[in-house]
Amino acid sequence: MSRATEYLQHVYAVIEQRDPNQSEFLEAIHDFFQTMTPVFEQHPEYIDANILERLTEPERVFQFRVPWLDDAGHAQVSRGFRVQFNSAIGPYKGGLRLHPSVNLSIVKFLGFEQIFKNALTGLPIGGGKGGADFDPKGKSDNEIMRFCQSFMTELSKYIGPDTDVPAGDIGVGGREIGYLYGQYKRLRGADRGVLTGKGLNYGGSLARPEATGYGLVYYTNEMLNANQLSFPGQRVIVSGAGNVATYAIQKVTELGGKVITCSDSNGYIVDEDGIDFKIVKQIKEVERGRIKDYADRVASAVYHTGSVWDAQLTADIALPCATQNEINGAQANNLIAGGIKVVAEGANMPSSPEAIEAYQAADILYGPAKAANAGGVAVSALEMSQNSMRLSWTFEEVDNRLQQIVQDIFAQSVAAANEYSVTGDYLSGANIAGFTKVADAMIAQGLV
Ligand code: NDP
């Protein structure tokens, strides 16, 4: 066994022994380590510095009680988290997730991925993530506000525009960021740079709501072009119907593809005429309804319960935009049988390890989350820049910068894959390009 392989196995065993129950975190580490052997073979100095054991242990973890009053006047208690994973290249940056499944394992996996994603953007941001096991579904605006105020009362002690800058994720959109920012301001004073995803009239950036979905499609377009393909005429399966999915649907349609599905946690829509993103946006963002409502409005749409990944559809491109592990091995094989040639991840870690193996065995073009969905955090960093400069760029300016950043991410991934003799492997390329930046910054800063 090579020294590199031995080192990777040793560090994985240490992590597993420390946190045997953190299954999502262990999965993210395992997927990452799978691609690292060539780097450690060529650069034993990373082993000498024990860089992986350092990188996989968060710099800091906060867990806190979030008490809030429901509309009936009853006291409720949620559990809040913020993981400040790595600040080697800049202040911690990463979203807040509100979903009943949130636990330390999920926040750690998201924070770990965020480190490399943020490094790939080329912007000076470190990795962090947070959230709570609060379920926003079915809550009134007042309940959401009381929860956000209580959550921020504690979180405000740990964040700041130069230390840690949270943003949105599942269950956290413009409404929640507004309540969180309002409470931060009452406690610490107006400092717009402390959160991103803000409303346009109080320091937000144009194109931030669109950025993750658009960035995903720009990235997919890079993959297609590099393989002599393009969007016109492609049939696209999208999962989810939230922020990322909605704007991915819009951009695919603009580029000439046809999105035939979208979904939520209850079921999915198939619309052979192409999903209309404006109706999805109206239902999900404005009415806060369910995706089933789409079929009540659009004659060509059919609603089914269950997972869209179990539908045996014929399509060319899959863009999972809902949540982690939404595609298992059998479902990946369904996709391949249905003619899928490209999978690009809008959600974080939506493909299980078995699904990734299936893509690789079938030579599917696979765009991993940390590269494919980095457009969101990239525009968040551009929001931070605009806040510092007290300037607002036009939509076009932000969108142009986003396109450039995504092209650079793709180019870096391709170059790293070539350098380490794994040409065409965009997963390894993204992991290696992100890792080397962060590892070199850590080593330059001494034993941190
Ligand atoms: P939203 O809350 O706006 O939407 C999430 C969507 O995914 C909803 O349609 C939701 O359905 C569905 N979903 C959530 N959990 C599950 C589940 N367990 N099973 C099936 N469907 C589910 O979140 P976003 O669009 O912001 O985030 C989606 C993904 O993209 C996440 O993985 C997130 O980490 C990732 N991401 C988001 C970024 C951003 O800028 N917002 C940036 C980079 C990545 P339902 O309403 O039924 O729960």
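The structure presented is a predicted model; accordingly, all values stated were derived computationally and were not measured. Counting starts at 1 for both ligands and their atoms, in listed order.
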A.B. asks: For a side-chain contact (heavy atoms from CB on, under 4.5 Å) with Y303, tell me which candidate from D293, V270, I291, D296 qualifies.
C.D. replies: I291

A.B. asks: Quick one: look at H99 and ligand 1, take heavy-atom pairs under 4.0 Å, and tell me if it's side chain, backbone, both or neither.
C.D. replies: side chain

A.B. asks: Quick one: look up the protein heavy atom nearest atom 23 (O) of ligand 1 and list residue, atom name and how far away it is.
C.D. replies: I170 CA, 3.4 Å

A.B. asks: Quick one: does ligand 1 sit under 4.0 Å from the side chain of N243, the backbone, both or neither, non-hydrogen atoms only?
C.D. replies: both

A.B. asks: Looking only at protein heavy atoms, identify the closest one to atom 46 (O) of ligand 1 and say how far it is in Å.
C.D. replies: R290 NH1, 3.2 Å

A.B. asks: Looking at atom 24 (P) of ligand 1, what's its closest protein heavy atom, distance included?
C.D. replies: V244 CG2, 3.9 Å

A.B. asks: Can you tell me the protein heavy atom closest to atom 12 (C) of ligand 1 and the distance?
C.D. replies: A322 CB, 3.9 Å

A.B. asks: Check M349 against ligand 1 and report side chain, backbone, both or neither, counting heavy atoms closer than 4.0 Å.
C.D. replies: neither

A.B. asks: Can you report which non-hydrogen protein atom sits closest to atom 17 (C) of ligand 1, along with the distance?
C.D. replies: T323 CG2, 3.4 Å

A.B. asks: For ligand 1, which atoms, with element, lie under 4.0 Å from some heavy atom of K137?
C.D. replies: 45 (P), 46 (O), 47 (O), 48 (O)

A.B. asks: Compute both the distance and the angle, then confirm whether K185 meets the cation-pi test with Y202: under 6.0 Å from the six-membered ring centre, within 45 degrees of the axis.
C.D. replies: no

A.B. asks: Under 6.0 Å between ring centres: does that hold for Y219 and F410?
C.D. replies: yes

A.B. asks: What is the nearest protein non-hydrogen atom to atom 39 (C) of ligand 1, stated with its residue, atom name and distance?
C.D. replies: T212 OG1, 3.4 Å

A.B. asks: At under 4.0 Å between heavy atoms, which part of A167 makes contact with ligand 1: side chain, backbone, both or neither?
C.D. replies: neither

A.B. asks: Specify side chain, backbone, both or neither for K284, according to which of its non-hydrogen atoms lie closer than 4.0 Å to ligand 1.
C.D. replies: side chain

A.B. asks: Would you tell me which option among G213, G197, P320, G242 has the nearest heavy-atom contact to atom 4 (O) of ligand 1?
C.D. replies: G242

A.B. asks: Would one find more than 12 heavy atoms of other residues, nucleotides or ligands at under 6.0 Å from atom CZ of R175?
C.D. replies: yes

A.B. asks: Distance to 0.1 Å, residue and atom name: give those for the protein heavy atom nearest to atom 9 (O) of ligand 1.
C.D. replies: A241 N, 2.9 Å

A.B. asks: Under 3.5 Å, sequence neighbours excluded: what are the donor-acceptor pairs made by side chains of residues 89-97?
C.D. replies:
unit_1 : atom_1 : unit_2 : atom_2 : d
Y92    : OH     : E59    : OE1    : 2.5
Y92    : OH     : R60    : NH1    : 3.1
K93    : NZ     : V165   : O      : 2.7
K93    : NZ     : T196   : OG1    : 2.9
R97    : NE     : D169   : OD2    : 2.6
R97    : NH1    : Q324   : OE1    : 2.8
R97    : NH2    : D169   : OD2    : 3.1

A.B. asks: Looking at F151 versus F134, is the centre-to-centre ring distance below 6.0 Å?
C.D. replies: no

A.B. asks: Give me the residue, atom name and distance of the protein heavy atom closest to atom 32 (O) of ligand 1.
C.D. replies: N348 N, 3.1 Å

A.B. asks: Given that the side chain starts at C-beta and the backbone is N, CA, C, O, which of these parts of C321 lies under 4.0 Å from ligand 1, counting heavy atoms, or is it both or neither?
C.D. replies: backbone

A.B. asks: In terms of heavy-atom contacts, does NZ of K139 have more than 12 from other residues, nucleotides or ligands at under 6.0 Å?
C.D. replies: yes

A.B. asks: How about E396: does its CD atom have over 12 heavy atoms from other parts shown lying under 6.0 Å from it?
C.D. replies: no

